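Everything quoted here is computed from the prediction, not taken from an experiment.
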Amino acid sequence: MTDELLVVRCRLGEREAFAELVRAWHDPVWNYVRRMLGPAQADDVVQEVWVAVVRGLPRLREPGRFAPWLFTIARRAVADRLREEYARPEVLTERERATGDPADALVDRAGLRAGLSELPIREREILVLFYLHDLSLEDCAQICAVPVGTVKSRLSRARHMLRDRLTEKGYRE
């Protein structure tokens, strides 16, 4: 069933349609948030995203554009959390430093993840949306509220920055 049809059914009050939307989109949203904020905060932020979706679905003008709308909400939730983090001083305990994402143990992508996490937030966001969530340039532009040309330049800059960081760490092309 298409997202557009599910959104229409949600507007008509069908709980099962909303459950289907959540089943279809929870993992992509969670992965986006986890890559932007880390695994410790992902669950809370994703829950905030779904609450915002429930409240905003009646006002969604184009049900066929659900995915970009959803990621726009996720982006705002991530930005809000980052603002909160930057506002308070950083104090990490040894336990927090040692705690990692258990999913990372399944696939050895530590170098790539480290390089990605070192990128500035704008460049990291574009790489995550474009490559990891397979969104189009137009969808990325809508989510980030910038022109497509800006997305292209950020994507190019992000690729170069990531390549440089990985090269510095000894990874070969």
Side-chain angles (χ1 to χ4, degrees), residues 1-84 101-109 112-113 115-117 119-159 162:
M1 187 166 303
T2 67
D3 293 336
E4 185 174 10
L5 185 56
L6 288 172
V7 168
V8 171
R9 287 179 50 208
C10 286
R11 287 178 168 176
L12 296 173
E14 290 185 36
R15 290 178 186 243
E16 183 56 34
F18 185 73
E20 284 184 49
L21 272 178
V22 172
R23 275 192 295 275
W25 287 101
H26 178 77
D27 287 345
V29 170
W30 189 85
N31 285 324
Y32 167 75
V33 172
R34 179 178 61 91
R35 286 185 175 99
M36 297 304 292
L37 298 175
Q41 298 180 46
D43 290 333
D44 289 341
V45 173
V46 169
Q47 187 173 6
E48 292 170 15
V49 168
W50 287 112
V51 168
V53 167
V54 167
R55 290 180 180 153
L57 266 177
R59 294 184 307 274
L60 177 59
R61 290 186 195 135
E62 297 178 51
R65 304 281 302 152
F66 177 76
W69 178 76
L70 174 63
F71 277 100
T72 300
I73 291 171
R75 180 179 190 260
R76 287 184 187 137
V78 165
D80 290 346
R81 188 58 61 102
L82 287 172
R83 261 188 238 102
E84 291 172 13
D101 183 1
D104 290 346
L106 299 174
V107 181
D108 183 19
R109 297 181 184 180
L112 180 59
R113 289 184 194 278
L116 191 60
S117 68
L119 294 180
I121 194 77
R122 288 180 175 171
E123 285 75 13
R124 182 181 348 149
E125 177 179 47
I126 291 296
L127 284 176
V128 168
L129 290 172
F130 187 77
Y131 286 110
L132 301 178
H133 291 287
D134 296 321
L135 293 173
S136 69
L137 291 172
E138 293 77 16
D139 288 345
C140 291
Q142 181 182 354
I143 291 165
C144 296
V146 296
V148 173
T150 302
V151 170
K152 289 178 182 178
S153 65
R154 285 184 188 170
L155 194 54
S156 175
R157 185 172 50 251
R159 286 183 197 127
L162 183 60

*Asks:* Go through the steps for R23 and E16 under the test salt bridge (Lys or Arg N to Asp or Glu O under 4.0 Å), then give the verdict.
*Replies:* CA-CA 10 Å; R23 275 192 295 275; E16 183 56 34; 2.7 Å; yes
*Asks:* Taking CZ in R65 as the centre, count heavy atoms belonging to other residues, nucleotides or ligands within less than 6.0 Å. Is the count above 12?
*Replies:* yes
*Asks:* Verify the neighbour count for atom CD of Q47: are there more than 12 heavy atoms of other residues, nucleotides or ligands below 6.0 Å?
*Replies:* no
*Asks:* Evaluate the side-chain contact (heavy atoms from CB on, under 4.5 Å) criterion for residues R9 and L6: first the C-alpha distance (whole Å), next the side-chain angles of each, then the deciding distance (0.1 Å), finally the verdict.
*Replies:* CA-CA 5 Å; R9 287 179 50 208; L6 288 172; 3.7 Å; yes
*Asks:* Which pair of heavy atoms, one from V78 and one from Y32, lies closest together, and at what distance?
*Replies:* CG2-CE2, 4.1 Å
*Asks:* How far apart are the C-alpha atoms of V49 and L70, what are their side-chain angles, what is the distance that settles it, and do they pass the side-chain contact (heavy atoms from CB on, under 4.5 Å) test?
*Replies:* CA-CA 8 Å; V49 168; L70 174 63; 3.9 Å; yes
*Asks:* Nearest 0.5 angstrom please: R35 CZ to W30 CH2, how far?
*Replies:* 9.0 Å
*Asks:* Which residues satisfy the side chain to side chain donor-acceptor pair (under 3.5 Å) test with E20, sequence neighbours excluded?
*Replies:* none
*Asks:* I need the I121 CD1 to L82 CG distance, nearest 0.5 Å.
*Replies:* 4.5 Å
*Asks:* Between R124 and S117, what is the shortest heavy-atom contact and its length?
*Replies:* NH2-O, 3.6 Å
*Asks:* For the pair F71 and H133, name the ring-plane relationship: parallel under 30°, tilted 30 to 60°, perpendicular over 60°.
*Replies:* tilted
*Asks:* For residues V53 and I73, report the shortest heavy-atom separation together with the two atoms involved.
*Replies:* CG2-CD1, 4.0 Å
*Asks:* So, for R83 and D80, which heavy atoms are closest and what is the spacing to 0.1 Å?
*Replies:* NH1-OD1, 2.6 Å
*Asks:* So, do D44 and R81 sit near enough that their side-chain heavy atoms are less than 4.5 Å apart?
*Replies:* yes
*Asks:* Taking the side chain as every heavy atom from C-beta outward, state whether L21 and D3 have any pair of such atoms under 4.5 Å apart.
*Replies:* yes
*Asks:* Are the side chains of Y131 and R159 in touch, meaning some heavy atoms are under 4.5 Å apart?
*Replies:* yes
*Asks:* Using a 6.0 Å cut-off, check whether atom CD of E62 has over 12 heavy atoms from anything other than its own residue.
*Replies:* no
*Asks:* Are L57 and F18 close enough that some pair of their side-chain heavy atoms sits under 4.5 Å apart?
*Replies:* yes
*Asks:* If you measure from the Lys or Arg side-chain nitrogens to the Asp or Glu carboxylate oxygens, is any gap between R122 and E125 under 4.0 Å?
*Replies:* no
*Asks:* I need the minimum non-hydrogen distance between C10 and A17, along with the two atoms involved.
*Replies:* SG-C, 3.6 Å
*Asks:* First locate atom CH2 of W50, then atom NE2 of H26, and finally report the distance between them rounded to the nearest 0.5 Å.
*Replies:* 8.5 Å
*Asks:* Check whether any side-chain heavy atom of V128 lies under 4.5 Å from a side-chain heavy atom of N31, and answer yes or no.
*Replies:* no
*Asks:* Look up atom CG in L155 and atom CG in L129, then write down how far apart they are to the nearest 0.5 Å.
*Replies:* 10.0 Å
*Asks:* Just verifying a value: how many Å separate T150 OG1 and L137 CG, rounded to the nearest 0.5 Å?
*Replies:* 11.5 Å
*Asks:* Please find the pair of heavy atoms, one from P68 and one from I143, that lie closest to each other, and give the distance.
*Replies:* O-CG1, 3.3 Å
*Asks:* Mind checking the CZ-SG spacing from R154 to C144? Nearest 0.5 Å is all I need.
*Replies:* 6.0 Å
